[in-house]
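Okay, so here's the structure we're looking at.
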There are 2 protein chains.
Amino acid sequence: MNSNRIGKIVRFHRKISGLSREACARLAGVGKTAVYDVEHGKSTVQLDTLLKILAVMNIQIELQSPFMKQFEDEES
Amino acid sequence: MNSNRIGKIVRFHRKISGLSREACARLAGVGKTAVYDVEHGKSTVQLDTLLKILAVMNIQIELQSPFMKQFEDEES
DNA sequence: TCATTTTTACTGGTTTAGCAGCAAAAATAG
DNA sequence: CTATTTTTGCTGCTAAACCAGTAAAAATGA
């Protein structure tokens, strides 16, 4: 996964949801510039900005590794 | 997924890999402050910084939604 | 065609992320 | 206990993320 792919995914989902950038930005509580930057694969966007946008698009983010199961076991 | 959980996951994996923060930071090509911030759930870390650290830890990041399959179909 | 909306692309200003360096506390090793 | 390593937490500095505003190009629709 990289920022370019993330951008494409965000744009695709925004189009499906029928939202303009400004509408998306307003819902996410970020500026329209941030949505523009994310969709253009800007790699330096801040995590919270990205997460807000992903949340509006109903996109879940998941981390995977061979040790995730062990992590979840020890978590509880 | 949120920044606090990401931080815990990163720390867990770093411990498993037997790396100190500084070693992890050096491998990832970021400063030790960035690793510290990520592990402490700082939500304003930049995406590229986070991705570099995740890469060193061999943690994959994945986006999920009901439309991801459609996205991948139209991608090719 | 013409009007509206959306997207792209810049602006200046404010805030802050990331950095290295330092030092003290905490953990680890011998 | 002692020495070493690691972690925490601060510093000032530089670069840049984010924002709202503006405007023009592109797309959409009536």
Side-chain angles (χ1 to χ4, degrees), chain A residues 1-59 61 63 65 67-68 70-71 73-75, chain B residues 1-61 63 65 67-68 70-75:
Chain A
M1 184 61 58
N2 57 60
S3 58
N4 277 308
R5 182 165 174 80
I6 291 174
K8 287 181 183 174
I9 292 171
V10 166
R11 182 182 172 87
F12 181 83
H13 283 75
R14 181 175 59 79
K15 287 296 185 181
I16 282 186
S17 69
L19 292 173
S20 71
R21 291 229 176 93
E22 297 218 9
C24 171
R26 203 165 41 241
L27 286 172
V30 301
K32 62 183 169 52
T33 312
V35 178
Y36 176 82
D37 288 344
V38 166
E39 291 192 0
H40 279 255
K42 189 174 199 178
S43 64
T44 52
V45 290
Q46 293 179 12
L47 179 60
D48 59 348
T49 299
L50 176 61
L51 292 181
K52 286 178 193 168
I53 295 171
L54 293 180
V56 166
M57 298 295 143
N58 280 307
I59 300 173
I61 184 169
L63 301 189
S65 89
F67 298 105
M68 280 307 299
Q70 186 181 343
F71 171 77
D73 288 347
E74 299 184 15
E75 207 182 10
Chain B
M1 185 61 58
N2 58 58
S3 57
N4 277 309
R5 182 166 173 79
I6 291 174
K8 288 181 183 174
I9 292 171
V10 166
R11 181 181 173 88
F12 181 82
H13 282 75
R14 180 174 61 78
K15 287 296 185 183
I16 282 186
S17 68
L19 292 173
S20 71
R21 291 227 175 96
E22 296 218 11
C24 171
R26 204 164 40 241
L27 286 172
V30 302
K32 63 180 168 57
T33 313
V35 178
Y36 177 83
D37 288 343
V38 167
E39 291 191 1
H40 278 255
K42 190 175 198 179
S43 64
T44 53
V45 290
Q46 294 179 13
L47 178 60
D48 58 348
T49 299
L50 176 61
L51 292 181
K52 286 177 193 169
I53 295 171
L54 293 181
V56 166
M57 299 293 142
N58 280 307
I59 300 173
Q60 316 296 322
I61 184 168
L63 300 188
S65 89
F67 298 106
M68 280 306 300
Q70 187 181 342
F71 171 76
E72 285 163 9
D73 288 347
E74 299 185 15
E75 207 182 10

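Below, read A as the first sequence line, B as the second, and so on, with proteins coming before strands; counting in each chain starts at 1.
Here the nucleotide nearest the side chain of A:Thr44, chosen from D:dA17, D:dC19, C:dT6, is D:dA17. Picking from C:dG18, C:dT7, D:dT8 the nucleotide with the shortest atom distance to the side chain of B:Thr49 gives C:dG18. Taking every side-chain heavy atom of B:Val45 into account, C:dG18 is the closest of C:dG18, D:dA20, D:dT7. The side chain of A:Thr33 sits closest to D:dC19 out of C:dT6, D:dT7, D:dC19. In this structure, the nucleotide among D:dC19, C:dT8, D:dA17 sitting nearest to the side chain of A:Arg11 is C:dT8. Across C:dG18, D:dC19, D:dT8, the shortest atom-to-atom separation from the side chain of A:Ala34 is found for D:dC19.
Close to D:dT7, at under 4.0 Å from its OP1 or OP2, lies no side-chain N or O of B:His40. Side-chain nitrogen and oxygen atoms of A:Lys15 include at least one within less than 4.0 Å of the OP1 or OP2 phosphate oxygen of C:dT7.
Between B:Arg21 atom CZ and C:dA26 atom C1' there is a gap of 12 Å when expressed in whole angstrom units. In this structure, CD of B:Glu39 is placed 17 Å from P of C:dA17, rounded to the nearest angstrom. What separates CG of B:Leu50 from P of D:dA17 is a distance of 16 Å, to the nearest Å. Taking atom CG on B:Leu47 and atom C1' on D:dC18, their separation rounds to 15 Å, with Å as the unit. When the C1' atom of C:dA27 is taken as reference, atom CG of B:Leu19 falls 17 Å away, rounded to whole Å. Atom pair B:Glu22:CD and C:dC19:P shows a separation of 12 Å (rounding to whole Å applied). Atom C1' of nucleotide D:dC18 and atom CZ of A:Arg26 are separated by 18 Å, given to the nearest angstrom.
Using a cutoff of 4.0 Å between basic side-chain nitrogens and carboxylate oxygens, B:Glu39 and B:Arg14 are scored as salt-bridged. A salt bridge is defined here as a Lys NZ or Arg NE, NH1 or NH2 lying under 4.0 Å from an Asp or Glu carboxylate O, and B:Glu74 with A:Lys8 fails to meet this definition.
The 5' end of DNA chain D is approached more closely, in terms of each residue's nearest nucleotide, by B:Tyr36 than by the other of B:Tyr36 and B:Gln46. Toward the 5′ end of DNA chain C lies the nearest nucleotide of B:Lys42, the other residue of the pair B:Lys32 and B:Lys42 mapping further downstream.
Taking the six-membered ring for Trp and thresholds of 30 and 60 degrees, B:Phe12 and A:Phe71 have ring planes more than 60 degrees apart, a perpendicular arrangement.
Looking only at distances, no side-chain donor or acceptor of A:Ser65 sits under 3.5 Å from a matching main-chain atom of B:Ile59.
Taking a 6.0 Å sphere around CD of B:Gln70, one finds it holds more than 12 heavy atoms contributed by other residues, nucleotides or ligands.
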